Trainee: 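One structure coming up, written as structure tokens, with questions to follow.
Just so you know, these numbers come straight off a predicted model, no measurement behind them. Note that these values count all heavy atoms, side chains included, but never hydrogens, waters or copies made by symmetry. The chain is numbered in sequence order, starting from 1.
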Amino acid sequence: MTEIRELLLSRIRDVADYPEPGVMFKDITPLLADPAAFTALTDALAETAQNTGATKVVGLEARGFILGAPVAVRAGLGFIPVRKAGKLPGATLRQAYDLEYGSAEIEVHAEDLTSADRVLIVDDVLATGGTAEAAIQLIHRAGAEVAGVAVLMELGFLDGRARLERALNGAPLEALLQV
């Protein structure tokens, strides 16, 4: 696992002062462009999905889509996008939340999840935990169970883990990298 972590970390680029001054953005596009690194990431997250007994994978807009869809395919599971408000047609459940730079709302199609589902939430970064916590609330409101949260990297200094541990109620939180 150390080899995989080193490979993944070597393909993440720091971009200073983005999206605003004082922020060090973690750019994963070099990782996505490297087939070996992207495959290693997909395999590691798919293993987490299988270990949690997930029946579906939820990807959080937007980079969670890029990671979550191939994880779902690799694990043999369905994929459910959680989108910004107003992007999904039909009946949705909506959840407001606060994030590092303001507030937002996310939505999921209510009919895509059932009480028989165990859902793994996949995203690229765990920062303050606001988006993932809102996704957990949406999944519960849809009647499904949260199997866990899996992310490429956790920004530990923002303490999102503490926020999510309460919301996860014992379900695992897996971060491949701690930054």
Side-chain angles (χ1 to χ4, degrees), residues 8 12 19 25-29 31-33 37-39 41-155 160 163-164 167-168 171-176:
L8 298 177
I12 297 170
F25 184 77
K26 300 294 187 183
D27 180 15
I28 67 167
T29 57
L31 187 156
L32 300 173
F38 195 15
T39 298
L41 172 59
T42 300
D43 289 347
L45 293 175
E47 183 178 332
T48 298
Q50 292 167 334
N51 290 344
T52 63
T55 60
K56 292 193 176 151
V57 171
V58 156
L60 304 181
E61 189 164 338
R63 290 180 300 263
F65 296 172
I66 297 167
L67 303 184
V71 166
V73 169
R74 183 66 50 104
L77 306 174
F79 175 76
I80 309 296
V82 169
R83 304 234 27 214
K84 294 176 183 171
K87 300 290 186 182
L88 291 171
T92 61
L93 296 173
R94 182 179 288 193
Q95 183 68 45
Y97 66 101
D98 293 325
L99 65 165
E100 302 92 309
Y101 316 112
S103 63
E105 293 181 319
I106 55 174
E107 293 180 331
V108 67
H109 277 135
E111 71 272 7
D112 289 344
L113 296 169
T114 70
S115 61
D117 285 318
R118 287 183 45 81
V119 180
L120 178 69
I121 299 166
V122 172
D123 206 1
D124 64 330
V125 175
L126 172 62
T128 64
T131 307
E133 183 181 44
I136 290 167
Q137 292 168 344
L138 278 178
I139 290 163
H140 286 151
R141 288 177 52 210
E145 181 182 348
V146 176
V149 173
V151 297
L152 166 58
M153 69 185 115
E154 176 181 355
L155 305 179
R163 179 179 189 169
L164 284 190
L168 282 168
L173 169 57
E174 176 73 28
L176 298 178

Trainee: Are L176 and L45 close enough that some pair of their side-chain heavy atoms sits under 4.5 Å apart?
Mentor: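 Yes, at least one pair of side-chain atoms sits under 4.5 Å.
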
Trainee: Atom OG1 in T92, atom CD in E111: separation rounded to 0.5 Å?
Mentor: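 Taking OG1 in T92 and CD in E111, the distance rounds to 9.5 Å.
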
Trainee: To the nearest 0.5 angstrom, please state how far the CD1 atom of I12 sits from the NZ atom of K26.
Mentor: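 Atom-to-atom, I12:CD1 and K26:NZ are 7.5 Å apart.
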
Trainee: Give every residue pair that meets the salt bridge (Lys or Arg N to Asp or Glu O under 4.0 Å) criterion with at least one member in residues 58-72, sequence neighbours excluded.
Mentor: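 Residue pairs with at least one partner in residues 58-72: E61-R83, R63-D124.
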
Trainee: Please round to the nearest 0.5 Å and tell me the distance separating atom CD of E174 and atom OG1 of T48.
Mentor: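 So the CD of E174 and the OG1 of T48 are separated by 4.5 Å.
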
Trainee: Test: side chain to side chain donor-acceptor pair (under 3.5 Å). Region: residues 145-154. Which pairs qualify, not counting sequence neighbours?
Mentor: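 Applying side chain to side chain donor-acceptor pair (under 3.5 Å) to every pair that reaches into residues 145-154, excluding sequence neighbours, yields R118-E145, E154-R161, E154-Q178.
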
Trainee: Can a donor-acceptor pair be found, under 3.5 Å and without considering hydrogens, that links the side chain of Q95 to the backbone of A135?
Mentor: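 Not a single qualifying donor-acceptor pair exists.
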
Trainee: Drop me the distance from D112's CG to I139's CD1, to the nearest 0.5 angstrom.
Mentor: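 Result: 11.5 Å between the selected atoms.
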
Trainee: I'd like to check the salt bridge (charged side-chain N to carboxylate O under 4.0 Å, His left out) partners of E105; sequence neighbours left out, ordered by chain and number.
Mentor: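 Testing E105 for salt bridge (charged side-chain N to carboxylate O under 4.0 Å, His left out), a comparison that skips the adjacent residues, returns R94.
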
Trainee: Any chance you could measure D123, atom CG, to M153, atom CE, to the nearest 0.5 Å?
Mentor: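 The distance works out to 10.0 Å.
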
Trainee: State, yes or no, whether a side-chain contact exists between V58 and V108 at a heavy-atom distance under 4.5 Å.
Mentor: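 They are not in contact (no side-chain heavy atoms under 4.5 Å apart), so the answer is no.
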
Trainee: Roughly how far, to the nearest 0.5 Å, is CD1 of I136 from CG of L164?
Mentor: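 Reported value, rounded in 0.5 Å steps: 5.0 Å.
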
Trainee: Below 3.5 Å, can you tabulate the donor-acceptor pairs from side chains in residues 65-74 to any protein atom, sequence neighbours excluded?
Mentor:
unit_1 : atom_1 : unit_2 : atom_2 : d
R74    : NH1    : D43    : OD1    : 2.1

Trainee: Tell me which one of L152, L41, L8, V125 satisfies side-chain contact (heavy atoms from CB on, under 4.5 Å) with I28.
Mentor: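 Of the listed options, the one satisfying the test is L152.
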
Trainee: If you look only at distance, which donor and acceptor atoms sit under 3.5 Å apart when one is on a side chain in residues 75-82 and the other is two or more places apart or in another chain?
Mentor:
none

Trainee: By salt bridge (charged side-chain N to carboxylate O under 4.0 Å, His left out), which residues pair with D117, not counting sequence neighbours?
Mentor: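 For D117, the residues satisfying salt bridge (charged side-chain N to carboxylate O under 4.0 Å, His left out) (neighbours in sequence not counted) are K56.
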
